[in-house]
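Protein chains get the first letters and strands the later ones, always in sequence-line order, with residue 1 at the start of each.
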Number of protein chains: 2
Amino acid sequence: MTVEESVTGTVAFMLGKLGQAATGRFADRLAPFGLRPRHCAVLELLTAGPQAQLALARTIGVTPSVVVDMLDELEELGALRRVRDTVDRRRQLIELTPDGHGLRRTAVRLAGETDEELLGGLTAEEAALLRRALGRMASASGIPAPG
Amino acid sequence: MTVEESVTGTVAFMLGKLGQAATGRFADRLAPFGLRPRHCAVLELLTAGPQAQLALARTIGVTPSVVVDMLDELEELGALRRVRDTVDRRRQLIELTPDGHGLRRTAVRLAGETDEELLGGLTAEEAALLRRALGRMASASGIPAPG
DNA sequence: TATTGTTATACTCTATAACTATA
DNA sequence: TATAGTTATAGAGTATAACAATA
């Protein structure tokens with residue numbers, strides 16, 4: 001059965017509303033550390049090793065100018081360094097500092113707290129199913145989601 | 001187990017990213033009809049009968065000035081009428097026109113199509129579980145979600 | 001005084017296009 | 001010519017604050 005009788009009960013609509021709320025709550029927790037939700041994907045990608053900016057943009061799924069902005073902010077926090085690539089001098093390799101690794105661990109903790117808040121009304125089993133279903137949706141819909 | 005080792009794998013983060021993508025795809029389908037996702041909650045609430053603007057704002061969970069904007073747009077589409085309340089002349093009762101009812105039915109259909117696209121990679125059982133879990137989250141987290 | 005609706009304004013997030021420096 | 005990064009700008013979307021009309 002694919003026919004719905006309401007819009008607000010569809011996954012598309014609820015996902016939008018809940019996503020907005022979830023991002024807002026996560027942002028509230030990150031703010032005291034100078035971080036914002038969108039920074040987190042960058043921190044996470046860089047733990048694997050240095051990356052060029054355009055590579056980051058493509059993997060995360062945002063436009064290059066947004067990456068410049070995010071990196072400016074994270075650099076100001078001392079979370080990363082831009083290192084000019086000696087082979088191709090157009091490129092800058094972005095590498096995490098020790099502070100950056102620390103901020104990532106903080107972000108992981110705060111994201112976990114946000115999850116507990118959001119999932120409080122669900123059983124552990126439901127929460128696990130939800131987590132898996134969201135992951136499946138992301139990859140099936142071709143939504144960039146590193147990790 | 002509540003401790004995560006990644007941010008991008010948390011429900012909070014995935015919900016944000018997926019919500020953004022879901023809203024975008026729904027918006028693409030609505031655009032040819034002059035509608036936007038946020039209009040849908042208004043259309044749906046008004047099918048039950050006329051409502052004052054502040055009542056709409058509170059139920060939907062947006063600030064009053066946003067409601068003014070949405071109603072301006074929907075009025076221009078011929079989807080609704082503002083009728084001054086004779087009892088309390090500060091109030092305007094918003095009522096759906098026949099065209100408004102038609103637009104709502106269209107929105108329901110398009111939301112269903114968006115769901116099929118988003119849930120394509122999931123089994124029917126998983127989709128049902130996801131729908132229920134999202135509904136539970138919305139009410140448990142106190143997120144305004146009419147319907 | 002308080003409330004309904006409105007306007008003006010600002011802030012966040014994202015995207016596009018034009019620019020620079022390198023290749 | 002093409003690519004990596006940057007800047008400038010614009011467009012959604014939302015929120016706050018001040019305002020007019022009415023209670």
Secondary structure of DNA chain D per the Watson-Crick/G-U criterion (both distances under 3.5 Å; [ ] crossing, | other strand, . unpaired) is |||||||||||||||||||||||

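- Following rounding to the nearest Å, A:His39 (NE2) and C:dT12 (C1') show an atom-to-atom distance of 12 Å.
- Rounded to an integer number of Å, the gap from CZ of B:Arg81 to P of C:dG5 is 17 Å.
- Minimum atom distance to the side chain of A:Arg91 is reached by D:dG5, of the listed C:dA15, C:dG5, D:dG5.
- Rounded to an integer number of Å, the gap from B:Glu75 CD to C:dG5 C1' is 13 Å.
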So if I define the base as every atom that isn't primed, P, OP1 or OP2, how would nucleotides 16-23 of chain C read as a B/S/- string at a heavy-atom cutoff under 4.0 Å? B-----BS

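- Residues forming a side-chain hydrogen bond (donor to acceptor under 3.5 Å, both in side chains) with A:Glu73 (at least two apart in sequence, or on another chain): A:Arg36, A:His39.
- When every heavy atom of B:Ala52 is checked against every heavy atom of B:Leu93, the shortest pair comes out as N-CD2, 4.0 Å.
- When distances are taken from the side chain of B:Arg58 to each of D:dT14, C:dT4, C:dA15, the shortest belongs to C:dT4.
- Among residues two or more places apart in sequence or in another chain, the salt bridge (Lys or Arg N to Asp or Glu O under 4.0 Å) test is passed with B:Asp72 by B:Arg82.
- In terms of position on DNA chain C, the residue among B:Gln20 and B:Gln53 whose nearest nucleotide sits closer to the 5' end is B:Gln53.
- For A:Arg105, the side-chain hydrogen bond (donor to acceptor under 3.5 Å, both in side chains) criterion is met by no residue, not counting sequence neighbours.
- Contact check, A:Gln92 against D:dA4: no side-chain N or O comes under 4.0 Å of OP1 or OP2.
- Shown here are the side-chain hydrogen bond (donor to acceptor under 3.5 Å, both in side chains) partners of B:Arg89, two or more places apart in sequence or in another chain: there are none.
- The CG-P distance, from A:Asp69 to D:dA10, rounds to 17 Å in whole Å.
- Evaluation of the salt bridge (Lys or Arg N to Asp or Glu O under 4.0 Å) rule for B:Asp88 yields B:Arg90 as partners, not counting sequence neighbours.
- To the nearest 0.5 Å, the span separating OG1 on B:Thr10 from CZ on A:Phe26 amounts to 6.0 Å.
- Going from atom CG of B:Leu71 over to atom C1' of C:dG5 covers 10 Å, rounded to whole Å.
- Judged as a side-chain hydrogen bond (donor to acceptor under 3.5 Å, both in side chains), and not counting sequence neighbours, the contacts of B:Glu95 are B:Arg81.
- When the salt bridge (Lys or Arg N to Asp or Glu O under 4.0 Å) test is applied to B:Arg29, the partners found at least two apart in sequence or on another chain are B:Glu113, B:Glu117.
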